[in-house]
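To start, the structure under review is shown below, and the notes come after it.
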Amino acid sequence: MKERKITDIMIPLNRYPAVNPEATLETAVGILRHAHCELEQGICTEAGPNTILVVDKDNHLLGILDFKAILKVLIPEVAGGLSEKLRSLGVSLAFAEGDAHTLDEARASFVARVKKNAEAKVRDIMLKVRGSVQADTSLVDAIKLLFKNKITVLPVYEGDEIIGIVRDTDLFLAVADILLES
Amino acid sequence: MKTRWQLVIFLGLGLCWIIAAPALGLATGGPSAPAPETEGPPWWFWPLILFAVTFIMGILAVLGGVGGGVLFVPIISGFFPFHLDFVRGCGLLVALSGALAAGPGLLKMNLASLRLAIPVALIASTCAIIGAMLGLALPTNIVQIALGLTIMGICVLMLTARKSELPDVQKPDRLSSTLRIYGVYQEGSTGQIVDWKIHRTPLGLCLFVLIGIMAGMFGLGAGWANVPVLNLVMGAPLKISVATSKFLLSITDTSAAWIYLNQGCVIPMMVVPSLVGIMLGSFVGVRVLAVTKPAVVRWIVIGMLAFAGVKAFLKGLGI
């Protein structure tokens with residue numbers, strides 16, 4: 001059986017969800033929700049991409065957002081690190097010590113907080129792209145890079161131009177196909 | 001995440017032990033050290049008591065609606081055998097810890113207004129430096145009497161001052177217009193856009209001269225005075241006043257803290273258990289506050305403050 005190439009299994013750039021760096025997180029979540037949730041009989045199959053690319057108008061890849069990064073911004077006091085928790089404690093403290101705890105937005109309703117935090121700009125919260133592959137990279141090298149950098153997607157370049165995205169799902173399916181076809 | 005909190009507590013206590021270790025050597029009288037004249041409590045006694053007291057203080061401060069620094073200085077100086085200078089230095093850092101934790105979040109939420117904070121901070125921090133220098137230069141009993149009177153004044157303020165969520169400012173004064181002190185924020189729960197402006201700016205700035213001097217002199221923090229002046233005198237919305245006041249504290253108290261630090265009035269053996277205790281107490285307090293706010297706690301806090309104020313006053317008079 002002929003070994004498949006990265007370009008055979010990748011998702012072309014124009015079919016992958018992408019957002020402008022100046023857009024709000026709310027916009028990014030809307031695009032990703034739509035792309036991730038392929039509806040079949042009204043039920044989300046959750047078969048689509050788990051990440052959204054941040055690209056400028058010239059299609060330069062600037063960053064990426066995944067579920068965890070998004071949740072961390074939307075609900076920082078729970079999903080974020082120690083500094084976010086301290087910050088949230090500090091804000092609550094400020095209002096409690098000012099005898100105005102009813103005004104504390106960090107303790108406001110979950111829905112109100114999520115909506116407020118979704119106003120963040122994508123460029124302020126996007127993650128760095130850690131690693132990329134060229135179109136002629138072997139599947140093994142791509143898998144190696146995923147493990148080494150602890151990531152789930154890799155942009156695929158042809159020279160300087162990004163042409164698509166390969167996900168851990170695509171690499172798993174490619175390896176699974178080897179087993180099943182043999 | 002639980003492990004991280006445990007790590008922070010462990011590091012705090014570890015640091016406390018490391019700092020206190022030389023004291024252990026002295027207290028137990030090492031091989032070459034002279035034998036102590038009187039048998040005192042072991043070296044870990046006071047840090048442990050400080051930790052326990054500040055932990056409870058942290059909970060009460062949050063539930064009673066006052067700053068940790070306001071409770072810390074009168075109670076610790078009144079009931080612990082530490083010199084007032086060390087207590088004031090430590091009190092400033094206690095007040096600072098909450099302010100520094102809150103600052104970035106309040107700025108990010110667009111609630112702490114830089115336009116309002118910067119001119120006020122310039123005056124208050126300059127005066128806080130003067131206040132700290134004055135406090136260290138004056139005889140301790142005079143400072144103690146002034147502290148007692150201030151604490152009693154704070155009690156009166158807590159009992160009488162009413163807050164106004166959205167004060168009615170008909171026309172901004174000339175100074176605030178020149179300095180462009182106005183802003184907009186969005187009410188988180190309703191989404192309503194609130195335009196705000198201030199008035200009586202010269203009077204407010206003059207009051208911050210006094211607030212700055214008192215903050216520096218007593219190490220109390222100054223939220224108790226900042227919020228009423230920003231809210232009731234200058235007419236900033238309560239939300240903006242509370243947030244800007246906390247942000248202001250991080251500037252004014254830092255300025256004063258340097259003076260205390262430079263004079264050797266900041267003892268890590270006091271500061272570390274106090275900071276860890278008050279922050280953990282506040283953490284618990286905020287959790288409790290989310291469920292209930294017993295009104296009686298505020299009365300207990302006011303009562304405690306009044307008692308500590310009278311004690312400080314009498315101590316200053318040598319009674």
Side-chain angles (χ1 to χ4, degrees), chain A residues 21-22 24-30 65 67-126, chain B residues 1 4-5 7-8 58 61-70 95 97-106 108-109 111-112 158 161 163 165 185-191 221 223-224 226-227 231 237-239 241-247 249-250 279 282-283 285-287 289-290 293 298:
Chain A
E22 297 305 318
T24 62
L25 180 56
E26 192 179 353
T27 310
V29 168
L65 279 173
F67 288 163
K68 270 192 174 174
I70 291 171
L71 288 174
K72 218 169 147 178
V73 177
L74 293 179
I75 317 145
E77 71 280 12
V78 178
L82 184 61
S83 58
E84 278 87 1
K85 286 195 173 71
L86 260 181
R87 199 177 294 171
S88 166
L89 174 66
V91 171
S92 294
L93 266 186
F95 284 99
E97 293 180 352
D99 198 26
H101 75 285
T102 47
L103 304 179
D104 176 9
E105 284 196 12
R107 297 261 138 220
S109 79
F110 179 71
V111 177
R113 266 182 296 142
V114 166
K115 283 186 175 171
K116 176 104 182 158
N117 292 335
E119 289 167 12
K121 283 270 164 61
V122 164
R123 69 173 143 77
D124 295 330
I125 56 172
M126 65 188 186
Chain B
M1 211 41 71
R4 253 191 217 181
W5 276 108
L7 185 70
V8 171
V62 167
L63 294 178
V66 290
V70 175
S97 61
L100 290 175
L106 293 168
K108 208 173 169 188
M109 289 161 90
L111 292 178
M158 282 177 75
K163 298 178 177 75
E165 205 161 310
Y185 73 94
Q186 190 176 17
E187 192 61 52
S189 49
T190 59
W224 52 274
N226 287 347
V227 177
N231 182 227
L238 185 55
K239 214 171 208 176
S241 304
V242 168
T244 307
S245 153
K246 202 70 175 171
F247 177 69
L249 277 188
S250 58
M279 285 309 275
S282 308
F283 182 72
V286 167
R287 287 279 183 281
L289 195 61
K293 187 181 180 182
R298 187 160 170 87

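Numbered from 1 within each chain, the chains take letters A, B, ... in sequence-line order.
Of the listed residues B/S241, B/P104, B/G103, the one with more heavy-atom pairs under 4.5 angstrom with chain A than any other is B/P104. Heavy-atom pairs under 4.5 Å with chain A peak, among B/L63, B/L249, B/N226, B/L106, at B/L106. For the set B/L238, B/V227, B/L289, the entry with the most heavy-atom pairs within less than 4.5 Å of chain A is B/L289. In terms of heavy-atom pairs under 4.5 angstrom with chain B, the leader among A/G90, A/A100, A/P76 is A/G90. Across B/A243, B/G105, B/G223, B/G58, the residue that shares the most heavy-atom pairs under 4.5 angstrom with chain A is B/G105.
Shown here for B/G98 and A/L93, the closest heavy-atom pair between the two residues is CA-CD1, 4.3 Å.
Remark: A/K72 NZ is loosely packed, at most 12 non-hydrogen atoms of other residues, nucleotides or ligands lying under 6.0 Å away.
Between B/M279 and A/L89, the closest side-chain pair of non-hydrogen atoms falls below 4.5 Å. The closest side-chain heavy-atom distance from B/K239 to A/F95 is below 4.5 Å.
For A/A94, the parts lying under 4.5 angstrom from a heavy atom of chain B are both the backbone and the side chain.
In this structure A/E22 satisfies the side-chain hydrogen bond (donor to acceptor under 3.5 Å, both in side chains) test together with A/R123, sequence neighbours excluded.
Within the model, atoms CG of B/L100 and CZ of A/R87 stand 12.5 Å from one another, a figure rounded to the nearest 0.5 Å.
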